[in-house]
Every structure is written in C-alpha cells, then in structure tokens.
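Just so you know, residue 1 is the first one in the sequence shown, and it goes up from there.
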Amino acid sequence: MHLRAAHVLEGNWTGTSTVPSRGLYPHQWSWDSAFVAIGLRHLSPLRAQTELETLLGAQWGDGRIPHIVFNPSVPLDAYFPSPDFWRSSTAGRAAGAPRTVQTSGIVQPPVHALAAWLVHQADPGLSRARSFLPRVYPRLAAWHRYLLHRRDLGGGGLASVVHPWEQGMDNSPCWDAPLGRITPASPRTFRRADLDHGSAEDRPTDLDYGRYVRLATDYRDGGYADGAGAGRFAVEDPAFNALLIASEHALAAIARELGAAGTARHARAERLTAALVERLWDPAEGMFFCRDVYGGGESGAHGAERRSPSGDRTSEPRSRSSARGAEQRSRNGARGAEQPAQSGALGAEQRSRNGAHRRERRSPSGALIPERSVAGLLPLILPALPRDIATTLVRTAGGPHFGLGGVARLVPSYNLTGHAFDPRRYWRGPAWFNTNWLLERGLRLHGEHGRAEELRSALLETADASGFAEYVDPYTGEACGALGFSWTAALTLDLLHEPSGADQVVSRPGCDAFDTAQGAASHGTPPDGTTPRSSFETGAKGGDRG
C-alpha cells in the first residue's frame with residue numbers, strides 16, 4: 001500500500017507541486033497541497049517543503065493564500081473557472097495579487113502552518129539547513145492576520161468564508177440557505193469542465209453552480225475586497241475555524257523553534273476556541289453548526305428567539321449561557337496550566353477576550369444553519385476544547401446522524417438521516433478521506449484510542465480498495481469522483497506510520513499539542529511500508545473547488 005500510494009503522488013507531481021488529479025484538477029490547490037505535504041514528509045521532506053514553498057510563492061500582498069495556483073502550461077478550457085475568469089493580476093491588483101503567476105481570488109482552509117510544522121519535524125536538520133521555517137513563518141503569520149482581521153465579518157472573532165469553495169466542502173447542504181439569496185449566473189455564461197470527468201448525478205446542480213459563479217464574479221468585480229455588501233454570502237464555519245486554531249498552535253511551535261516565546265499565539269488560539277464555542281456550539285444538538293452572518297437579523301444582543309437545528313425554539317441568552325459556561329471552564333483550565341510568570345500575558349488575553357465579547361454583542365449575531373455536517377465534528381482536533389464538549393462530539397459522531405463505528409464504513413460528509421443526504425453527490429453525503437483523517441486524529445487526541453484505531457483501519461482498507469478515490473459511498477466504500485487522488489494517497493502514507501501515544505495532552509488545555517515529545521522517527525521505509533509515527537498529526541481538497 002505504501003508503494004501504491006507513493007506511485008500516485010509521483011504520478012501527480014509536476015516538478016514543483018502536486019496536482020490533486022491529472023484530469024479533473026490539473027492545477028495546484030491550496031489545502032490539498034498542505035495535506036500532500038503532510039504525507040510527502042514520509043517520502044521526501046525536501047519535496048514536502050517544496051510543495052508548501054511553491055504555494056506560498058503565490059501569496060497575495062494582503063496575506064491571503066489563493067485556493068488555486070494555475071499552471072500556465074494547462075489549456076484554459078481544461079478547467080473552469082480558468083485564469084481568464086479570475087483575472088487575479090488585474091482585478092486583484094489593489095489586494096496585492098502577484099503579477100508573475102495567475103491565481104484564483106478566494107481562499108481555502110488554513111491547514112498550512114500545521115503542515116509546515118509537521119514537515120519541519122520530519123527532518124529538522126534539513127529544515128534548518130534550508131532555513132525553511134524562517135522563510136515560511138512570516139508568510140504564514142500574514143495569512144493568519146488576513147483571516148483574523150479582514151475576514152472577521154461577524155464581529156465575534158471568527159473568520160468567515162465568502163464563497164462555498166473557500167470552506168472546501170463546496171456542495172454541502174449547509175450552504176443551501178445562504179446561497180438562496182444569490183441570483184444565479186446564466187448557464188449560457190460559462191461552461192462546466194467538471195462534467196467532462198464526472199457524472200452529473202454526482203456533481204453540483206446547474207442551479208448551484210450558477211450561484212457559485214455569480215458569487216465569484218461579484219467578488220472579482222469588487223476587487224476582491226472583503227466585508228462589502230450586507231445580505232450576501234458570509235458564513236462562520238466550525239471546521240475552517242478549527243483548522244485556523246490548530247494552525248495557530250502550530251505557529252506557536254514554529255515561533256519557539258525560531259527563538260520566540262509563542263505565548264501570544266497560544267493565547268490567541270485559546271481565545272478563538274472560546275469564540276468557537278460561544279458562537280457555533282449548540283449544546284442541545286451536541287455539535288457545532290455554521291453561522292450565517294447575514295441571516296437571522298440583528299438578534300444576538302437583544303435575546304431574540306432563534307430556531308435551533310432540531311426545530312425547537314430556544315432563547316439566545318440560554319444558549320449563550322451554556323456556551324459561556326463551557327468557555328469559562330476552558331479559561332479556568334488554561335489559567336491553571338499557565339506559569340505565574342505569564343500573568344501579564346493572561347491579563348492582556350483577558351482584556352482581548354472582553355473586547356471580543358463586546359464586539360460580538362454590538363454586532364449582528366446572524367443565525368445558526370440547521371444542517372448537520374461533518375464540519376461540526378472537526379473541532380475535536382483542538383487540544384483546549386472543553387472535555388464535556390469533546391465527549392459530546394464523540395457521542396454525536398457515533399450516533400444515527402454520522403454512524404461512526406456503526407452503520408457507516410467512514411463518517412459521511414452530511415447527516416445520514418438528513419433531508420438532503422445523497423451517498424454519491426459531492427459533499428452531500430459521501431465520505432472524504434481528509435475529514436475522516438482529521439476525526440481519527442481528534443479521537444486519538446481526546447483519548448478515544450479504540451475508536452481511532454477502528455477508523456484508521458477503515459480508512460486504510462477503503463483507500464486501498466477504492467484505488468485512492470477522491471471520495472466514497474459512506475456505507476459501501478464504493479469509489480466516487482477521481483481515482484488516484486493525491487490527498488487520499490498522502491494521508492494513507494501518514495496513517496501507515498504507527499501513531500505514538502505522545503499526542504495525548506488534552507488534560508493540559510492551552511498547551512501546544514503539536515510540540516509534545518516525538519516518536520523516534522526514521523524517515524526510511526521498511527519493507528512493510530511502516531515507520532514510527534510522530535505525535536499529534538492533524539491538519540485538514542477543496543470540493544467542487546471553483
């Protein structure tokens with residue numbers, strides 16, 4: 001299996017980066033490259049570093065990392081939207097788009113700092129000799145600043161996505177309600193290249209695609225400026241923000257490697273975890289939900305009623321009280337773990353938290369989107385998540401909606417019992433390897449070793465049997481989408497390295513889960529394709545991708 005997975009990555013390598021698949025996705029995608037680097041570090045740490053460096057070389061001046069970096073040798077009609085649609089070097093000039101390479105103008109989930117830290121750990125000597133971390137750290141820090149400042153559209157401290165393609169789970173039913181406000185572009189104005197490589201029954205509908213195109217067109221014509229135009233599309237997604245938090249922890253580890261304290265980044269990660277609970281956790285439903293920033297009116301500050309995902313009517317103050325209780329427990333745990341010498345940082349952290357709460361009370365609250373998605377389980381990767389919330393998430397994952405360890409071979413992308421569930425249609429039910437890989441890491445982090453091992457075994461078996469498929473039917477494991485898919489092969493390689501027990505630091509909220517003791521890693525590969533695995537290795541393909 002190790003050799004077969006390595007063969008997939010070799011076949012998709014362009015010389016400077018890895019395409020997700022040669023036919024359907026012939027360019028470089030942002031979070032794909034992060035996952036690919038995580039797997040490549042077991043084959044070639046140098047190539048893993050190059051993967052990330054190529055992507056970061058296309059970063060915009062405002063800090064955003066674009067979701068596609070286009071290969072100029074690929075014909076324009078091979079993929080839509082193509083470079084002439086995005087017009088990055090002209091439409092994105094004010095935002096600092098590069099002039100020497102063509103990119104898209106939207107982003108994808110921020111897995112990159114986590115990937116960079118794990119790649120460094122694979123061969124610290126090579127990394128230091130090449131000054132890998134000193135070169136990528138400023139770019140990763142600018143990327144996080146962009147998300148935390150330009151994309152805090154809800155005013156509560158979390159980053160918002162402004163297009164479904166940004167969150168990665170492009171065709172999720174979570175987007176149906178906010179997309180309903182968007183007038184679709186006429187089908188006559190674009191040609192869908194994706195249907196050349198996949199069945200229409202498995203892909204987004206023409207109506208949804210028309211809305212994707214309209215959103216992207218309007219964003220482009222606005223110069224890729226953020227925060228303009230209330231009533232459009234802005235969603236706070238739990239998976240996107242959980243990956244941002246995980247990468248903040250990784251940036252703290254990188255900062256320490258470079259001689260800085262990293263304390264401020266840990267504090268920021270804890271504040272973001274508290275904001276995630278405050279704004280997106282629903283205790284009655286036992287999971288996190290997306291928040292439609294422009295939906296529901298200005299209800300949050302005044303305790304107006306909202307509709308919960310179960311359909312019950314609950315009051316905003318009661319929901320917030322539950323979330324604040326969990327947040328307070330998390331804060332108290334973090335205070336207990338801090339040393340007295342860090343009291344000044346704690347004071348600054350508390351002032352920042354209070355400011356975030358004041359902003360949240362002043363701003364429109366939006367409304368939670370009543371759709372159960374795998375995104376609502378992925379905060380399980382966070383080390384400082386309150387223990388009761390982590391326990392509840394595990395229970396929800398194993399319940400009837402997701403079937404972990406039960407009716408489902410792999411955890412589906414969407415609620416098995418949901419009205420929009422489809423086991424084959426893009427992100428509306430199929431199981432994806434990157435989300436299940438994240439869940440496996442989260443389960444192991446929070447002490448669920450038995451469940452994690454069962455999921456790991458299912459992932460390896462399904463990846464191999466499906467030909468490293470893009471995604472699969474969650475019940476049968478039948479291959480869907482592209483075969484020989486890069487992140488499936490890369491994450492298979494990562495799973496083939498036995499997990500160490502050194503990643504369990506959940507009892508110390510606020511500590512860096514990515515900087516615990518490492519297993520003794522040999523970067524060669526024995527004949528059976530296995531090597532010792534390093535400690536907590538999470539991170540987060542980009543759906544229909546745009």
Side-chain angles (χ1 to χ4, degrees), residues 20-21 24-25 27-32 34-35 66-68 79-82 85-86 104-111 160-180 182 184-185 190 192-195 197-219 232-240 243 290 292 369 371-376 378 412-415 418 420-435 438 469-472 480-482 485 487-488 540-546:
S21 73
L24 186 54
Y25 306 117
H27 302 285
Q28 182 179 25
W29 263 262
S30 173
W31 71 327
D32 290 70
F35 286 125
H67 96 298
I68 303 175
Y79 188 84
F80 178 84
S82 51
F85 172 87
W86 294 103
S104 66
I106 58 175
V107 303
Q108 277 192 320
V111 199
S160 292
V161 297
V162 299
H163 196 291
W165 290 336
E166 291 198 314
Q167 192 265 0
M169 304 177 196
D170 310 351
N171 197 36
S172 170
C174 293
W175 318 133
D176 291 355
L179 277 177
I182 308 303
F190 60 91
R192 294 181 59 177
D194 63 315
L195 298 182
H197 302 275
S199 168
E201 288 73 25
D202 296 346
R203 308 292 298 176
T205 65
D206 285 342
L207 177 62
D208 285 334
Y209 215 95
R211 287 174 169 142
Y212 303 154
V213 171
R214 172 66 66 190
L215 273 178
T217 300
D218 291 350
Y219 193 42
R232 304 297 290 171
F233 186 100
V235 175
E236 295 172 354
D237 174 76
F240 191 100
L243 290 168
C290 295
D292 182 358
I369 298 172
E371 297 290 358
R372 294 179 176 89
S373 160
V374 69
L378 293 187
S413 52
Y414 176 69
N415 179 10
F421 174 76
D422 185 328
R424 294 185 61 90
R425 192 179 289 275
Y426 225 56
W427 290 109
R428 300 180 82 85
W432 295 73
F433 290 91
N434 65 329
T435 56
L438 286 166
E470 182 180 1
Y471 56 99
V472 297
C480 303
F485 199 74
W487 79 21
T488 304
K541 169 205 140 150
D544 176 56
R545 298 164 171 274

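Under the 3.5 Å distance criterion, the side-chain polar atoms of Ser21 are left unmatched by any main-chain donor or acceptor of Ala482. Although no hydrogens or angles enter the test, the distance criterion places a donor-acceptor pair under 3.5 Å between the side chain of Arg211 and the main chain of Leu179. Side chain of Arg214 to main chain of Ile182: no donor-acceptor pair is present (N/O by atom type, distance under 3.5 Å, no hydrogens or angles). Side-chain atoms of Ser160 never come within 3.5 Å of backbone atoms of Ala234 as a donor-acceptor pair (strictly under, hydrogens ignored). For the pair Glu166 (side chain) and Val107 (backbone), a donor-acceptor distance under 3.5 Å is present.
Considering all non-hydrogen atoms of both residues, Tyr209 and Pro81 come closest at OH-CD, 4.3 Å. Contact record, Leu215 with Pro164: CD1-CD, 3.9 Å, taken as the closest heavy-atom pair. Residues Pro109 and Gly168 share a closest heavy-atom pair of CD-N, 4.4 Å. Closest approach of Met169 and Ala239 over heavy atoms only: CE-CB, 4.2 Å.
Expressed to the nearest 0.5 Å, how far CZ of Arg425 lies from SG of Cys480 amounts to 12.0 Å. From Gln108, atom CD reaches atom NE2 of His163 across 11.5 Å, with rounding to the nearest 0.5 Å. Here CG of Asp292 is found 7.5 Å from CZ of Phe233. Values are rounded to the nearest 0.5 Å. From Gln28, atom CD reaches atom CD1 of Ile68 across 10.5 Å, with rounding to the nearest 0.5 Å.
By the 4.5 Å heavy-atom criterion applied to side chains, Leu243 and Trp31 are counted as neighbours. Residues Asn415 and Glu371 form no side-chain contact, since every pair of their non-hydrogen atoms from C-beta on lies 4.5 Å or further apart. Looking at Pro110 and Phe240, their side chains come closer than 4.5 Å, going by heavy atoms from C-beta outward. A 4.5 Å side-chain heavy-atom check between Pro430 and Pro412 finds every atom pair outside the cut-off. Put simply, the side chain of Asn171 reaches to within 4.5 Å of the side chain of Tyr212, judged on heavy atoms. No side-chain heavy atom of Glu236 sits under 4.5 Å from any side-chain heavy atom of Val161.
In this pair, Trp29 and His27 present their aromatic rings tilted. The plane angle is within the 30 to 60° band. Ring geometry for Tyr426 versus Trp432: interplanar angle over 60°, hence perpendicular rather than tilted (30 to 60°).
Residues meeting the ring pair (Phe, Tyr, Trp, His ring centres under 6.0 Å) test with Tyr219, sequence neighbours left out: Tyr224. In this structure, the side-chain hydrogen bond (donor to acceptor under 3.5 Å, both in side chains) partners of Ser104, at least two apart in sequence or on a different chain, are His67.
Aromatic rings of Tyr414 and Trp427 (six-membered ring for Trp) have centroids beyond the 6.0 Å cut-off, not under it. With ring centers used as reference points, Phe80 lies under 6.0 Å from Phe85.
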*Yes or no on side-chain contact (heavy atoms from CB on, under 4.5 Å) for Trp175 and Asp208, after CA distance, side-chain angles and deciding distance?*
CA-CA 10 Å; Trp175 318 133; Asp208 285 334; over 6 Å; no
*Check the pair Asn434, Tyr471 against side-chain hydrogen bond (donor to acceptor under 3.5 Å, both in side chains), reporting the backbone distance first and the verdict last.*
CA-CA 9 Å; Asn434 65 329; Tyr471 56 99; over 6 Å; no
